[in-house]
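By convention in this document, chain letters (A, B, ...) are assigned in the order of the sequence lines, proteins followed by strands, and residues within each chain are numbered from 1. What you see below is based on every heavy atom in this structure, not just the backbone, and it leaves out hydrogens, waters and symmetry mates.
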Number of protein chains: 2
Amino acid sequence: MKRNTWQREAVREALDDTEGFISAQALHSTLHASGSPIGLATVYRALGDLASSGEADSLQSPEGEALYRACSTTGHHHHLICRNCGLTVEIAADEVEAWAKGVAAEHGFTQAAHVVDVFGLCANCTKLVVADGADSKVEADRG
Amino acid sequence: MKRNTWQREAVREALDDTEGFISAQALHSTLHASGSPIGLATVYRALGDLASSGEADSLQSPEGEALYRACSTTGHHHHLICRNCGLTVEIAADEVEAWAKGVAAEHGFTQAAHVVDVFGLCANCTKLVVADGADSKVEADRG
DNA sequence: ACGCTTATTGATAATGGTTGTCAAAATCAC
DNA sequence: GTGATTTTGACAACCATTATCAATAAGCGT
């Protein structure tokens, strides 16, 4: 039986209050900073539960850290993420769904799943960076 | 100045001889198995160099491990990967490129990069799995 | 409200991939 | 060959994450 604890609720709320993706460690720090004595292991467990129940989205940062986010859309969707400030836009992508399925089938693959995320600089950060002159630590286009 | 060592060459060749993506650890094991006394740290360094010079592709496995592969196509491309045997097909995806660029622009994002990978079961592994009657969590040795 | 059962917590150890350290070895320009 | 300098590699350090397990607390039936 699944029990309700203030710890799980705290994690859920902290995640809701967070703009963009956040790591388990960072969320734990945030909680501690606001006075919560919640344990690190519990934060990991709560995030894992939220992710597997579909209440949160998770993805691997380019550095290999797992990041989480409360997702507003319940269905399948993808993300457009600002690599500077973390601002995230949820995007539906039927086009891409169809493409992924098609490509897989075309090569005899079954049970196709896909990882599709777009990283960029949001309008605000674009302005900041341009103002700064040249901060191009731009890495990527993997895929 | 960059120097040429047999170690770097060994890593490059081992990667070329590998079908699909492989982890640094697995590649190190493979090299040792074939009699090479190359060190683990060196394998990591060599793979990192190859990846950043564009001679190899890298991606994070769902488990958070970094995987590498010698890429035959020099340009930008994506991958269709068998999650059971590691078989990989390089796929060009102009459609997706256009979509990613469009979505980013639509939301005011600039410098858009994207991570697009499709995981599935290749034709062969599909048959095996069906024969086994098991359909989930088929995790096999990839090295 | 009271136990009782049992899921959950959390401090800590363990795990495992990856990176840093630094003396020894190897490479390349000359 | 000589020497400056890069590279190597055994091992320690790191860091995110997971396992351990005694102590705690949620929620059932009463």
Rounded distance (Å) that lies between atom C1' of C:dT12 and atom NE2 of A:H28: 13 Å

CA sep, side-chain torsions, deciding dist, call: B:V118, B:H78, side chain to side chain contact (heavy atoms under 4.5 Å, CB included): CA-CA 8 Å; B:V118 183; B:H78 299 282; over 6 Å; no

Selected nucleotide, minimal atom distance to B:R45 side chain, candidates C:dT21, C:dC28, C:dG10: C:dT21

D:dT7 base / B:R8 side chain donor-acceptor hit below 3.5 Å: no

Touch class at under 4.0 angstrom, heavy-atom based, for B:Q7 against every strand present: sugar-phosphate

Distance in angstrom units between B:W6 CH2 and C:dC28 C1', rounded: 19 Å

B:S36 side-chain N/O to B:H32 backbone N/O, donor-acceptor pair under 3.5 Å: no

Nearest-nucleotide comparison on DNA chain D, the residue closer to the 5′ end among B:M1 and B:I38: B:M1

B:L40 CG - D:dA12 C1' separation (whole Å): 13 Å

A:E97: partners by salt bridge (Lys or Arg N to Asp or Glu O under 4.0 Å), with sequence neighbours left out: none

Residue pair A:L59 / A:V115, side-chain heavy-atom distance below 4.5 Å: no

Separation of atom CD1 in B:I22 from atom P in C:dT18, rounded to whole Å: 12 Å

Closest to the A:R3 side chain, choosing from C:dT8, C:dT18, C:dT27: C:dT8

Proximal nucleotide (of D:dT17, D:dG9, D:dG27) relative to the B:A41 side chain: D:dG9

Euclidean distance, atom CD of residue B:Q25 to atom C1' of C:dG16 [Å, nearest integer]: 8 Å

Presence of B:T5 side-chain N/O under 4.0 Å of C:dT27 phosphate oxygens OP1/OP2: no

Atom-pair distance (CG on A:L67; P on D:dC15), nearest Å: 17 Å

Whether A:H77 and A:H79 hold their rings parallel, tilted or perpendicular, with breakpoints at 30° and 60°: perpendicular

From CA spacing to verdict: side chain to side chain donor-acceptor pair (under 3.5 Å), B:Q25, B:S23: CA-CA 5 Å; B:Q25 307 261 359; B:S23 70; over 6 Å; no

B:N4 side-chain N/O to C:dT27 phosphate OP1/OP2 under 4.0 Å: no

Contact under 4.0 Å: A:Y44 side-chain N or O vs D:dT17 OP1/OP2: yes

Atom pair distance, as rounded to whole Å: CG in B:L59 and P in C:dG17: 16 Å

Global bending angle along the helix from C:dA1-D:dT30 to C:dC30-D:dG1, which compares the axes of five pairs at either end, to 10 degrees: 40°

Under 3.5 Å: donor-acceptor pair, side chain of B:H114, backbone of B:K101: no

Spacing of A:E9 atom CD relative to D:dA25 atom C1', expressed in whole Å: 17 Å

